[in-house]
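Below: one structure, written as structure tokens.
One-based numbering, in listed order, for ligands and for the atoms of each. All values below come from the heavy atoms of this structure, side chains included, with hydrogens, waters and symmetry mates left out.
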Amino acid sequence: MAGTGIKRAAILTGGGDSSGINDFIRAAVILMEKQGISVRGVKNSYRGLINGELIDLNSRIVDGIQNTGGTIIGTSRTNCYKIEGAVEKIIKTIEAEKLDVLICVGGNDTLGIANRLYEEEKIKIIGVPQTIDNDLMETDYSIGFHTAVENIVKCTNMFMSSAMSHEREMLVEVMGRDSGFLALNSAIVLGADYLMIPEFAIDIEKISDYIVKKRNAGKKYGLFIVAEGVQIQGAKQIQDDIDTFGHKKLGGITYHIAELVNEKTNLKPNVVVLGYTQRGGRPCPYDAYLSSLFAKGVAENIADGNFGKMVAVVNQKPVNVRIADAVREIRLVSKEDYEFALSLGNIYA
Ligand code: F6P
């Protein structure tokens, strides 16, 4: 690129995959190529950067990857700041590959590392928000979130007819780690009876009473959306597995909630843990569109020599924010939004 001297770029995708990443890769490669930049793809996030595993990307290679799930260059939860000598190896790879800019696509973990590499190692970096958890600050949406909500809604609709026919209470667990956005949006769309999210600890007594009241009032089936990171009032967290990045592995708390509710109601609530079905499949049109918009932002930032920024969308407009601001803390659901979702469902309380 004439103005800024950027000739070689690499794209890296990290953390949990989602739908829309490939659309971003395709659009970014096409737009960078038009600026005369050659593009490499880092295999499996920071692991590939440590080990020097990169592949060529060009507009012919990425032709046809749009509208597919996952990431064609792979991902991992490798934390280079937890591996001795890894950051030095990353710097060596960047020098050996003659990379002028690194485009990091991911959530808090991936972009947290990206920010350190930018601030401490002075590597030119542009961030792209991608996480079904939608928990990055400074952007209304991240790639993958809307598709995950759509997947939750579609899957849940598939079994709610059965729940109605059998007069069952369904406890549906969704992902989201420590933020309740996936659960909140899905609960609103599905008209769920109740919403349980990490931001507000749940009271088993209250939920059980609600179920009984609801059934007595004539509604003999129910839908309860449970975020995997929810806390039960007065109980200790039960999950203690750790992932490779260093986070607690979540998933399965809903079985415990169902047991506790059953002790109070004897209604044997059913549990469905949606798991990875949420993260996969064809991206919804909004995610595919957002990805292309973010690719445009990345290409413009390269042309302007604007680094250390994350492309974002705020009030439906593309903007740039500091990566440091996007990862300063985890974005959480507000009390107001939680109460709004509850007010739409909790009608028998
Ligand atoms: O951060 C995205 C996410 O899907 C979380 O919602 C979930 O807790 C986690 O990743 C699952 O991680 P893994 O793919 O390592 O099981």
To the nearest 0.1 Å, how far is [atom] from its closest protein heavy atom, and which atom is that?
atom	answer
atom 16 (O) of ligand 1	Y276 OH, 2.4 Å
atom 14 (O) of ligand 1	R279 NH2, 2.8 Å
atom 7 (C) of ligand 1	E228 OE2, 3.3 Å

[X], any N or O under 3.5 Å of ligand 1 N or O:
X	result
M175	no
R77	yes
D243	no

* **Among K268, K214, K220, K219, the one residue meeting salt bridge (Lys or Arg N to Asp or Glu O under 4.0 Å) with E169** =>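 Output: one option passes, namely K214.
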* Taking atom OH of Y221 as the centre, does the number of heavy atoms from other residues, nucleotides or ligands within less than 6.0 Å exceed 12? ->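 Atom OH in Y221 is not packed in, count stays at 12 or less.
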Against ligand 1, does [X] come closer than 4.0 Å with any heavy atom?
X	value
G176	yes
I132	yes
D133	yes

* Asked: Regarding N320 and N301, is there a side-chain donor-to-acceptor distance under 3.5 Å anywhere?
  ->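 Yes.
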* D56 and R40 ion-paired at < 4.0 Å ->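 The answer is yes: the pair qualifies as a salt bridge.
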* Asked: Do the charged groups of R279 and D17 touch, with an N to O distance under 4.0 Å?
  ->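 The answer is yes: the pair qualifies as a salt bridge.
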* Asked: K249 heavy atoms, cut-off 4.0 Å: which ligand 1 atoms fall inside?
  ->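 By the 4.0 Å cutoff, the relevant atoms are 13 (P), 15 (O), 16 (O).
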* Can you find a heavy atom in the side chain of D287 that is under 4.5 Å from one in the side chain of D23? ->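 In short, these two side chains do not touch, never coming nearer than 4.5 Å.
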* Evaluate the criterion side chain to side chain contact (heavy atoms under 4.5 Å, CB included) for residue pair V313 and L290; output intermediate values, then yes/no. => CA-CA 8 Å; V313 61; L290 190 65; 3.8 Å; yes
